[in-house]
Enquirer: 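Have a look at this one.
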Amino acid sequence: MTRETKGLRLTNTLTRTKEDFSPIDPSNVRMYVCGPTVYDFAHIGNARPVIVFDVLYRLLRHLHGADHVTYVRNITDVDDKINARALRDFGDDIAAGRLTLNDAIRRVTEKTADQFHKDVKALGCLPPTFEPRATEFVQPRDDGRTDMIGLIQSLIERGHAYEAAGEVLFDTASMPDYGQLSKRPLDEQQAGARIAVDTHKKNPQDFVLWKLSSPEEPGWESPWGQEAWTAAGWTGKPKGRPGWHIECSAMSAAYLGEVFDIHGGGLDLIFPHHENEIAQSRCAHGTSVMANYWLHNGFLQVEGQKMSKSLGNFFTIHELLETENFGGREWPGEVLRLAMLMTHYREPIDFAVRKLEEAENTLRKWKRAADLADMAAADIPAEVIAELCDDLATYSAFQVLTHLAGEALEGDMQAAASLRAALEFLGFDVSAEVDEAGVDEAIAARLAFIRDRNWAEADRIRDELLVKGIQLKDGKDTATGERITTWEVKR
């Protein structure tokens with residue numbers, strides 16, 4: 001019997017072809033996307049998969065029903081830099097038993113995780129169904145959900161992993177079709193991990209599942225490494241910490257099962273991270289696949305160059321939203337969202353000021369037309385859904401929006417209502433609510449810049465208000481002759 005497809009077609013990295021999307025269980029469509037490592041604030045490259053898979057999440061909810069889609073996006077808080085900072089800042093509390101390692105890590109990562117949530121909300125993204133933290137899935141859990149130590153133990157028992165010098169490593173030679181996602185020959189691959197790997201592997205391609213910690217390093221009580229621990233002169237039970245890849249295998253299985261529908265992330269994660277996830281999950285569970293569809297968004301450059309701190313073109317989402325470090329001004333989250341979606345998700349994107357300006361102008365025109373309708377239409381335009389069902393062809397969907405905007409401005413109120421519905425569906429704010437105090441504050445700041453003859457800053461504030469649908473009108477007080485500014489909502 002052919003499974004339900006709903007007309008959605010997606011490009012599957014695993015097969016390198018565009019395929020009909022047929023969920024395992026249409027009543028519970030399941031998607032996992034690799035989330036941020038909260039060592040520092042998320043950069044604009046991190047924003048792209050968050051936005052792309054938010055659109056897919058919205059589309060799946062539309063096609064299958066909001067209560068029939070489970071979206072998991074993890075928080076990576078297991079990282080040697082994070083662990084070292086937790087030990088540095090809270091080592092005495094951990095040693096005295098006042099804090100657990102997980103609690104210390106939580107304190108270290110609280111600020112960056114909170115900022116990430118604030119950033120993605122500003123980008124118009126819905127929260128995922130579940131957002132597990134890696135530290136909560138290292139050891140066996142009271143609720144019985146899959147954990148990292150349990151997965152590693154299963155891999156050892158099935159002959160796919162081995163212990164060496166206190167580490168546990170995945171034996172790539174035990175999996176004949178290892179490398180099928182990246183399509184790399186085994187002898188061209190290199191092991192990937194976020195922690196140092198010693199030279200005691202059976203094969204150069206073998207990768208770390210569990211790393212021995214010293215007594216001075218953060219770690220969890222470990223079932224492995226006793227011999228190496230004792231040989232080093234350390235007493236008590238050995239401690240260790242997981243490698244990078246095992247966390248996603250554990251958390252995806254914990255919430256989505258051993259085999260699920262969609263796994264997404266950036267193109268840079270195909271190898272080694274996603275390749276190794278597949279190896280761990282398949283070999284631990286004895287399944288032929290981990291996920292049926294693998295989706296990857298393309299790389300991001302900044303003004304034609306690879307983003308790099310050394311080049312001075314490394315920007316966080318927070319910087320774009322709340323500072324003037326990029327293009328000399330702050331950028332609204334929905335402008336960043338549209339700029340990201342104007343390029344097809346699988347294509348590389350050049351993130352540039354001119355692209356943001358283009359997105360801002362386009363969004364302003366759409367909103368001006370959508371505001372002509374008192375309320376959104378009951379149904380999202382079928383043409384928009386059809387374009388998105390073609391491998392998330394957002395640019396083609398946006399052409400439909402531009403056509404609707406043109407018809408609305410010529411007096412077609414049904415087109416305006418349909419445009420409003422489409423914008424809401426795609427994550428853009430078309431509400432009529434206005435922060436009046438915020439507008440008055442912005443006007444006061446603009447008038448101060450005008451008095452100082454800082455025309456660039458005055459114009460920036462005017463333009464930022466305009467994209468939010470606030471049009472300023474300058475005039476003179478008839479009694480004093482001083483400039484006064486009024487405003488009205490007009491997209």
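Along the sequence shown, residues carry numbers from 1. On a predicted model such as this, the values are computed, not experimentally measured, just so you know.
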Enquirer: Within 45° of the ring axis of Phe90 and under 6.0 Å from its six-membered ring centre, is that where the NZ or CZ of Arg107 lies?
Expert: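 Pair Arg107/Phe90 counts as cation-pi.
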Enquirer: So Trp244 and Phe207, ring pair (Phe, Tyr, Trp, His ring centres under 6.0 Å) or not? Walk me through it.
Expert: CA-CA 10 Å; Trp244 172 22; Phe207 57 90; over 10 Å; no
Enquirer: Can you tell me if Thr230 and Gln226 form a side-chain donor-acceptor pair at under 3.5 Å?
Expert: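 Yes, because at least one side-chain N or O of Thr230 sits under 3.5 Å from a partner of the opposite role on Gln226.
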Enquirer: Within a radius of less than 6.0 Å around CG of Asp379, do more than 12 heavy atoms belonging to other residues, nucleotides or ligands occur?
Expert: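 Count not over threshold, so no.
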Enquirer: Does the side chain of His273 come under 3.5 Å of the side chain of Glu277 through a donor N or O and an acceptor N or O?
Expert: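 There is such a pair between these side chains.
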Enquirer: Check whether the side chains of Asn276 and Gln280 place a donor and an acceptor atom closer than 3.5 Å, and report yes or no.
Expert: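 There is no such pair (donor and acceptor under 3.5 Å, judged by atom type) between the side chains of Asn276 and Gln280.
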Enquirer: With Arg346, which of Asp391, Asn297, Thr13 fulfils side chain to side chain donor-acceptor pair (under 3.5 Å)?
Expert: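 Among the candidates, only Asp391 passes.
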Enquirer: Taking NZ, NE, NH1 and NH2 as the nitrogens, is one of them in Arg145 or Glu136 under 4.0 Å from a carboxylate oxygen of the other?
Expert: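 Salt bridge flag = no for Glu136 with Arg145.
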Enquirer: Can you establish whether the number of heavy atoms outside Asp142 located under 6.0 Å from its atom CG is more than 12?
Expert: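 12 or below, so no.
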Enquirer: For atom CD of Gln399, is the number of surrounding heavy atoms from other residues, nucleotides or ligands below 6.0 Å larger than 12?
Expert: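 Yes, enclosed.
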Enquirer: Should the pair Asp177-Arg282 be classified as a salt bridge under the 4.0 Å nitrogen-to-oxygen rule?
Expert: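 Yes, charged N to carboxylate O under 4.0 Å.
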Enquirer: Looking at residues at least two apart in the chain, or sitting in another chain, which of them share a side-chain hydrogen bond (donor to acceptor under 3.5 Å, both in side chains) with His160?
Expert: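 Residues passing side-chain hydrogen bond (donor to acceptor under 3.5 Å, both in side chains) with His160: Ser174.
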Enquirer: Could you check Phe315 against Phe351 for ring pair (Phe, Tyr, Trp, His ring centres under 6.0 Å), going step by step and ending with a plain yes or no?
Expert: CA-CA 11 Å; Phe315 298 96; Phe351 199 77; 8.7 Å; no
Enquirer: Less than 3.5 Å apart, any donor N or O on the side chain of Glu258 or Thr287 sitting next to an acceptor on the other?
Expert: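 No, Thr287 and Glu258 have no side-chain donor paired with an acceptor closer than 3.5 Å.
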Enquirer: More than 12 heavy atoms of other residues, nucleotides or ligands under 6.0 Å from NZ of Lys18: yes or no?
Expert: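 Yes, enclosed.
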